[in-house]
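Reading through the structure tokens given below for one structure.
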Amino acid sequence: MTEAGFQDAKRQQEGLLARTEKKALIWFARHVPDRVNSDHLTLLGFLSMFGAGLFYALSGTQTSYLHLVNACLVLNWFGDSLDGTLARYRNKLRPRYGFYVDHVVDTFGALFLLGGLGLSGYMSERMALFLLISFLILSIEVYLATYCLGTFKISYGFFSPTELRALLIVGNFFLLYKPKVRLLGQAYLLFDVGAAIATLGMIGILILSTIFNTRRLYGLEKI
């Protein structure tokens, strides 16, 4: 496919913090030094997610590492969210390269993060695996829908990656004081409960999106 024949997908983001986030990212883009480019920010997002997973794994024996996890999550937001904004602000877009690299990095980032959580003891390895699999399957559906329908859906309802990072940061503070909760007289890991809710939510979104997009594509390409 030639460069002239490629059309970038429309981005759809309606998260709870979307408006505030957009204003902040534009402000940052205006003030980023010229020597810093989008690739540097993508690399920052990648390394910070690796760091978050590493510090999660270490936090199992020393809870103070959770503060470093939170710092890495903030850096990941900065790098992962600002790289595309900076490219658009400077009019140096590389839509195919950017989309591909950004989401390959996200895939490895999810592996690092959930791998670290599974090793930390704050989330069982089984729940971390279920959550990772659900995330990857939903990601596949999103990328297929982006290719087939030309719209890249970043958020579902009030939640986008930014809101999920914020929830994770808040959850990390709770881990410092109460890593377990009681439900129906039984003690569970706080993050196992969160992972179960997140997994069920992603499965529900996956099913509904698959039905909706299949019907839409069928209507567009009737026999």
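Numbering of residues begins at 1 and proceeds along the displayed sequence.
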Is there a path of hydrophobic side-chain contacts, each under 4.5 Å between heavy atoms of I, L, V, M, F, W or Y residues, that connects Val142 with Tyr147? no
Under the side chain to side chain contact (heavy atoms under 4.5 Å, CB included) rule, what do Leu176 and Leu66 come out as? Steps first, then yes or no, please. CA-CA 8 Å; Leu176 293 169; Leu66 290 171; 3.8 Å; yes
Tyr97-Val105 co-clustered via ILVMFWY side chain contacts under 4.5 Å: yes
Find out if a path of hydrophobic residues (ILVMFWY) with successive side-chain heavy-atom gaps under 4.5 Å connects Leu208 to Leu144. no
Is the shortest side-chain heavy-atom distance between Val32 and Leu82 below 4.5 Å? yes
So CG of Leu73 and CG of Leu164: to nearest 0.5 Å the spacing works out to 11.0 Å
Leu167 and Met202: same hydrophobic cluster, using ILVMFWY side-chain contacts below 4.5 Å? no
Return a table of donor-acceptor pairs under 3.5 angstrom between the side chains of residues 42-50 and protein atoms on other chains or two or more places apart.
residue	atom	partner	partner atom	Å
Thr42	OG1	Ser38	O	3.1
Thr42	OG1	Asp83	OD2	2.8
Ser48	OG	Leu44	O	2.8
Ser48	OG	Gly45	O	3.0
Ser48	OG	Asn76	N	3.2

Mind listing the side-chain donor-acceptor pairs of residues 111-138 below 3.5 Å, one per line with the distance, residues two or more places apart or on another chain?
residue	atom	partner	partner atom	Å
Ser120	OG	Leu117	O	2.6
Ser120	OG	Tyr122	N	3.0
Tyr122	OH	Ser59	O	3.3
Ser124	OG	Met127	N	3.3
Ser124	OG	Asp192	OD1	3.2
Ser124	OG	Asp192	OD2	3.2
Ser134	OG	Phe130	O	2.9

By ring pair (Phe, Tyr, Trp, His ring centres under 6.0 Å) - contacts of Phe28 (at least two apart): Phe78
Spacing of CG belonging to Leu41 relative to CG belonging to Asp102, to within rounding of 0.5 Å: 10.5 Å
Quick one: are Trp77 and Glu21 in side-chain contact, heavy atoms under 4.5 Å? yes
Measuring from atom OH of Tyr143 to atom OH of Tyr100, what distance do you get when rounded to the nearest 0.5 angstrom? 11.5 Å
Same cluster (ILVMFWY, side-chain, under 4.5 Å), Leu149 and Phe99: no
Would you list the pairs meeting side chain to side chain donor-acceptor pair (under 3.5 Å) in which at least one residue belongs to residues 168-179, sequence neighbours left out? Tyr56-Asn172, Asn70-Asn172
Heavy-atom distance under 4.5 Å between the side chains of Leu189 and Val193, does that happen here? no
Interatomic distance, Leu86 atom CG to His40 atom NE2 [nearest 0.5 angstrom]: 11.0 Å
Using side-chain heavy atoms (C-beta onward) and a distance below 4.5 Å, is Arg94 in contact with Asp39? yes
Using 0.5 Å steps for rounding, measure from the CZ atom of Arg182 to the CG atom of Leu184. 10.5 Å
Those residues that, when tested against His67, pass ring pair (Phe, Tyr, Trp, His ring centres under 6.0 Å) (two or more places apart): none
Does a side-chain heavy-atom distance below 4.5 Å link Tyr89 with Arg30? yes
For residues Phe152 and His103, establish whether the separation of their ring centroids is below 6.0 Å. yes
For Arg88 against Leu93, the heavy-atom pair lying closest together: CG-CD2, 3.2 Å
Report the distance from atom OG1 of Thr146 to atom CD1 of Ile154, rounding to the nearest 0.5 Å. 9.0 Å
For residues 210-223, which side-chain N or O atoms pair as donor and acceptor with protein atoms under 3.5 Å away, sequence neighbours left out?
residue	atom	partner	partner atom	Å
Thr210	OG1	Leu206	O	2.7
Asn213	ND2	Glu141	OE2	2.7
Asn213	ND2	Ser209	O	3.2
Thr214	OG1	Thr210	O	2.6

Can you find a pair of side-chain heavy atoms, one from Thr85 and one from Trp27, that are under 4.5 Å apart? no
